[in-house]
Number of protein chains: 2
Amino acid sequence: MTNEQLKAFICVVEQGSFRSAATALHKTQPSVSAAVKSLEQHFNLCFFDRSHYRPQLTDEGRAFYAQAKKLLQQATQLEMYGHQLASAVTPPLAISLSAMCALPAVLEKIKHFWNQHPQMHLQVNTEHLSGVLEQLKLEKADLAIGPLLGIDHNFEYIEISQIKMITVIAPHLLDISPGIQISQQQLRNLPHILISDTGSVAPFDHVNVLLGGQRWYVNDYQMKKALLISAMGWARIPEHIVQHQLEDGSLLKIDVENFNSQSTVPMYLIKLKNSPSSSLAKAFWQDMLNYK
Amino acid sequence: MTNEQLKAFICVVEQGSFRSAATALHKTQPSVSAAVKSLEQHFNLCFFDRSHYRPQLTDEGRAFYAQAKKLLQQATQLEMYGHQLASAVTPPLAISLSAMCALPAVLEKIKHFWNQHPQMHLQVNTEHLSGVLEQLKLEKADLAIGPLLGIDHNFEYIEISQIKMITVIAPHLLDISPGIQISQQQLRNLPHILISDTGSVAPFDHVNVLLGGQRWYVNDYQMKKALLISAMGWARIPEHIVQHQLEDGSLLKIDVENFNSQSTVPMYLIKLKNSPSSSLAKAFWQDMLNYK
DNA sequence: TCATTACGAAAGCTTAAAGCTATCAAGTCA
DNA sequence: TGACTTGATAGCTTTAAGCTTTCGTAATGA
C-alpha cells in the first residue's frame, strides 16, 4: 500500500471515473487502473462495482475512502511541514497562546527570550479555552501559555504571570449605583458575550456562565470588546484589554451575585511531559524558570 | 516522499544507527542510507549530524520525526482497517455508545435491527461523556448513542429513549429521614464518585458536580456501583443500574439541595451531518426513525 | 437505429528507482 | 595497535510504475 496508490483511489472516487482521475493526476488511465487494482489485490477487496458503465463505490470502498482521505491529508501536511522546516533556518518555536494572555507582561517575556535568540523563528498561535492545550496534544505547538483549564497528568507547567479578569457592561444598560451587587435576574435579559472555544472535540462551553440567559459567541477579544462598547451585552474580560474604556467611562466594572465577577487568574507556561522538546523549547522553558 | 522512506528514517532514529535499522527492516544498510538521503534531498534538509561516529538527530530531524511518526502510525492503522474490512463479509456498523445507555430499552433496538440484518458485523464501543462524540468526529464510529452533551451544528440526532438518572448513597453513611432534602454541607466530606471522561482533548469534568468537595474517578458504571455499595461515597447513576440495590435497601435514593439530584435524560441517536454513511448506517438510522 | 463518443481492461514495452554485493575510510574499544 | 563496527560509494540487478496501443462495451444523440 503506497500513498500514490491511495491518491489514485481517492481521485477516482472524487472524480467519478478512472479517466478523469488520470487526467487530474497527470497520468494515464491504465496506470490509475493498475494502482487501484493493486490496492484491491493487496487487501483482497473490491472498492468499485465495475459492472455498470461508471464505477460505483462499494460499502467497503466507501469505508476505506474515509480513512484513506484522512491519511493523505496528514501526508500532505507533513510534506508542507518538511518544506517549512527547510525554508526556516532553524525549526520554529511554536507557542500556543491563550488569547487571554496577549498582554504586555507575557509578551515581554517572549521578547526577552527573543533578544537572546535573535535568529529564532517564532510561530504564535492564539487559541481559546480547550484549543490552547489541544495544540500541544496534537504536537502542533512546543509550548502553551494559558490558564490551567483542562490540564491533566500529561502536562507540566510553571506559573509565569497573573491576569485580572473582571466583569463589565456599558453603563447605560443597567441602572446601577456604583459598588452595589447586581442580581442575576437583572442580567437575564441581556446577552452574555462569550468566546467560542477553538478546540475541535469537546469545547469548554460552560465555564463561568450563568444558567439560563442568552449567550452570544464571538471569535476574539477585540470583537467581545466591540460588542461590549456598543452596549450589546455583558461579559468577563481581562482588565488590561478594557483599561481605557474603564477610565473614560464607556465601560463599567460590575459585581454579579453568585458569579465569579472578578478574579486573578494565574497564567502558566505548559508543555507535554513525555515529549522530546526542541532545543529552542528547552531553552525557553529554562529562560522562564530563571526570569521568574 | 514515500512511507517506506519515512519508515527507514524513523527506524534509524529509534535504533540509533543505520545498520541496526537495516537489520530491523530486513534490508541492507546501503538501501536504508539511500532512503534517508533521498528524504533529506527531497526537503533539502539534514536530519542527522553525521560528523560523529553515531548519527545524531538535528533539531530539524527531531521536529520532523515527531510528525512522521504520527503519519506512519495512521498508515499502519489504515492497513489494519483494510484487512479488517476484507475479513468481515461487509463493513461493520460501528456504534459509539454512551455507557449510560447500556440498558435493555436501547439494546433492544439494536437487537431489532440485527434481526433484520442477521449477517451484520456490529462493533460497539462504550465511551463516557465527550468520548462518545469524539468517536464520531474522528470517524471511528458511524453512529453514536448518548445524551446531547457537547453537541453542535455538525451533528444530526433523533431521540430514541429516555434514562432516569438518580442520586444514591449507601444508607448508613448519612443520618437520613426518607423524603428530606440533604444539604450540600452534609455531602462535602464524602467523595463524589464520577466517571472519567474518555475524550482525549477537553474532557467534560464539570457537569453535575458540586463546587469543592472530594472527587473520585472511575472508568465504568460497574466500578461506580461497586464503590457506592461499599459505602465509599455518593453519585448520580442511571436508575436501571441500581434497581436491585434500591429494592433490597443496599442503596438509597437521595435529594440534594441545589443539585440536579434526579432527572430524566433523553438519549439520542447521533450522526455527523456531512459524512457519507455506509448503507448499514443509513438503514439503522431509518430503522430508528420508524421503530419510534 | 446506427454512428459517435467515452470508458475500463489487457498486453507489451520502457524506464526510473529501489535494492543488493562488494569495498573503503573512519571511528571505537580492548 | 589490531579486531571490529559504522556509514558512504560505486556498480550491477531486479522490481514495479508508467506509457502506448488495442479491444470490447456502454452511453449518447441525431
Side-chain angles (χ1 to χ4, degrees), chain A residues 1-58 60-62 64-65 68 71-72 75-76 79 82, chain B residues 1-58 60-62 64-65 68 71-72 75-76 79 82:
Chain A
M1 181 188 77
T2 69
N3 287 357
E4 282 296 301
Q5 291 166 347
L6 293 177
K7 211 178 286 182
F9 165 63
I10 285 174
C11 202
V12 173
V13 174
E14 290 176 354
Q15 298 282 332
S17 93
F18 284 74
R19 276 208 128 81
S20 48
T23 56
L25 293 168
H26 303 293
K27 292 185 178 177
T28 60
Q29 170 262 312
S31 57
V32 173
S33 287
V36 173
K37 181 180 278 183
S38 69
L39 252 194
E40 291 181 320
Q41 284 178 347
H42 174 70
F43 289 114
N44 201 19
L45 272 175
C46 214
F47 290 147
F48 295 105
D49 174 11
R50 293 166 166 84
S51 65
H52 303 284
Y53 185 50
R54 296 292 187 115
Q56 282 191 300
L57 261 186
T58 60
E60 287 88 356
R62 194 181 353 266
F64 192 78
Y65 166 77
L71 178 65
L72 267 199
T76 50
E79 186 86 26
Chain B
M1 180 187 78
T2 69
N3 287 357
E4 282 296 302
Q5 290 167 347
L6 293 177
K7 210 178 287 182
F9 165 63
I10 285 173
C11 202
V12 173
V13 173
E14 291 176 354
Q15 297 281 332
S17 95
F18 283 75
R19 273 209 128 81
S20 47
T23 55
L25 293 168
H26 303 292
K27 293 187 179 177
T28 60
Q29 169 263 315
S31 57
V32 173
S33 287
V36 173
K37 181 179 277 183
S38 69
L39 251 193
E40 291 181 320
Q41 284 177 346
H42 174 72
F43 290 114
N44 201 19
L45 272 175
C46 215
F47 290 147
F48 295 104
D49 174 11
R50 293 165 166 87
S51 65
H52 304 283
Y53 185 49
R54 296 292 188 116
Q56 281 191 301
L57 261 186
T58 60
E60 288 88 356
R62 190 177 1 262
F64 191 79
Y65 166 77
L71 179 64
L72 267 200
T76 49
E79 187 87 25

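In what follows, chains are A, B, ... by sequence order, proteins preceding strands, each numbered from 1.
Residues forming a side chain to side chain contact (heavy atoms under 4.5 Å, CB included) with Ser38(B) (at least two apart in sequence, or on another chain): Gln5(B). Scanning for side-chain hydrogen bond (donor to acceptor under 3.5 Å, both in side chains) contacts around Arg54(A) gives an empty result, with sequence neighbours left out. Residues that satisfy the side-chain hydrogen bond (donor to acceptor under 3.5 Å, both in side chains) test with Gln15(A), not counting sequence neighbours, are absent from this structure. Residues forming a side-chain hydrogen bond (donor to acceptor under 3.5 Å, both in side chains) with Arg50(B) (at least two apart in sequence, or on another chain): Glu40(B). With sequence neighbours excluded, the residues satisfying side chain to side chain contact (heavy atoms under 4.5 Å, CB included) with His52(B) are Asp49(B), Gln56(B). Looking at residues two or more places apart in sequence or on another chain, you find no side-chain hydrogen bond (donor to acceptor under 3.5 Å, both in side chains) involving Thr76(B). Residues passing the side chain to side chain contact (heavy atoms under 4.5 Å, CB included) test with Glu4(B), sequence neighbours excluded: Thr2(B), Lys7(B), Lys27(B).
Between the CG atom in Leu57(B) and the CZ atom in Phe9(B) there is a gap of 5.5 Å [rounded to 0.5 Å]. Of the inter-residue distances, the one linking Glu60(A) atom CD with Phe48(A) atom CZ reads 12.5 Å to the nearest 0.5 angstrom. Rounding to the nearest 0.5 angstrom, the gap separating the CG atom in Leu6(B) from the CG atom in Leu71(B) is 6.0 Å. One finds the CE atom of Met1(A) at 4.5 Å from the CD atom of Glu79(B) (value rounded to the nearest 0.5 Å).
Of the residues in residues 3-23 of chain A, Ser17(A), Phe18(A), Arg19(A) come within less than 4.0 Å of DNA chain C through at least one heavy atom, sorted by number. Listed in residue order, the members of residues 29-45 of chain A having a heavy atom less than 4.0 Å from DNA chain D are Pro30(A), Ser31(A).
Contact record, Ala24(B) with Cys11(B): CB-SG, 3.9 Å, taken as the closest heavy-atom pair.
The end-to-end axis angle of the helix from dT1(C)-dA30(D) to dA30(C)-dT1(D), rounded to 10 degrees and based on five pairs per end, is 30°.
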Only pairs under 3.5 Å count here: list side-chain donor-acceptor contacts from residues 28-37 of chain B, not counting sequence neighbours, and write none if there are none.
residue: Thr28(B); atom: OG1; partner: Ser31(B); partner atom: OG; Å: 3.3
residue: Gln29(B); atom: NE2; partner: Ser33(B); partner atom: OG; Å: 3.1
residue: Ser31(B); atom: OG; partner: Thr28(B); partner atom: O; Å: 2.8
residue: Ser33(B); atom: OG; partner: Gln29(B); partner atom: O; Å: 3.4

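Boundaries of the chain A contact region on DNA chain D are dA17(D) to dA27(D), first to last in 5' to 3' order (nucleotide atom under 4.0 Å from a heavy atom).
Distance CG (Asp49(A)) to P (dA9(C)): 12 Å, rounded to an integer number of Å.
Residues His26(A) and His52(A) each lie close to DNA chain D; by heavy-atom proximity, the contact nearer the 5' end of the strand is made by His26(A).
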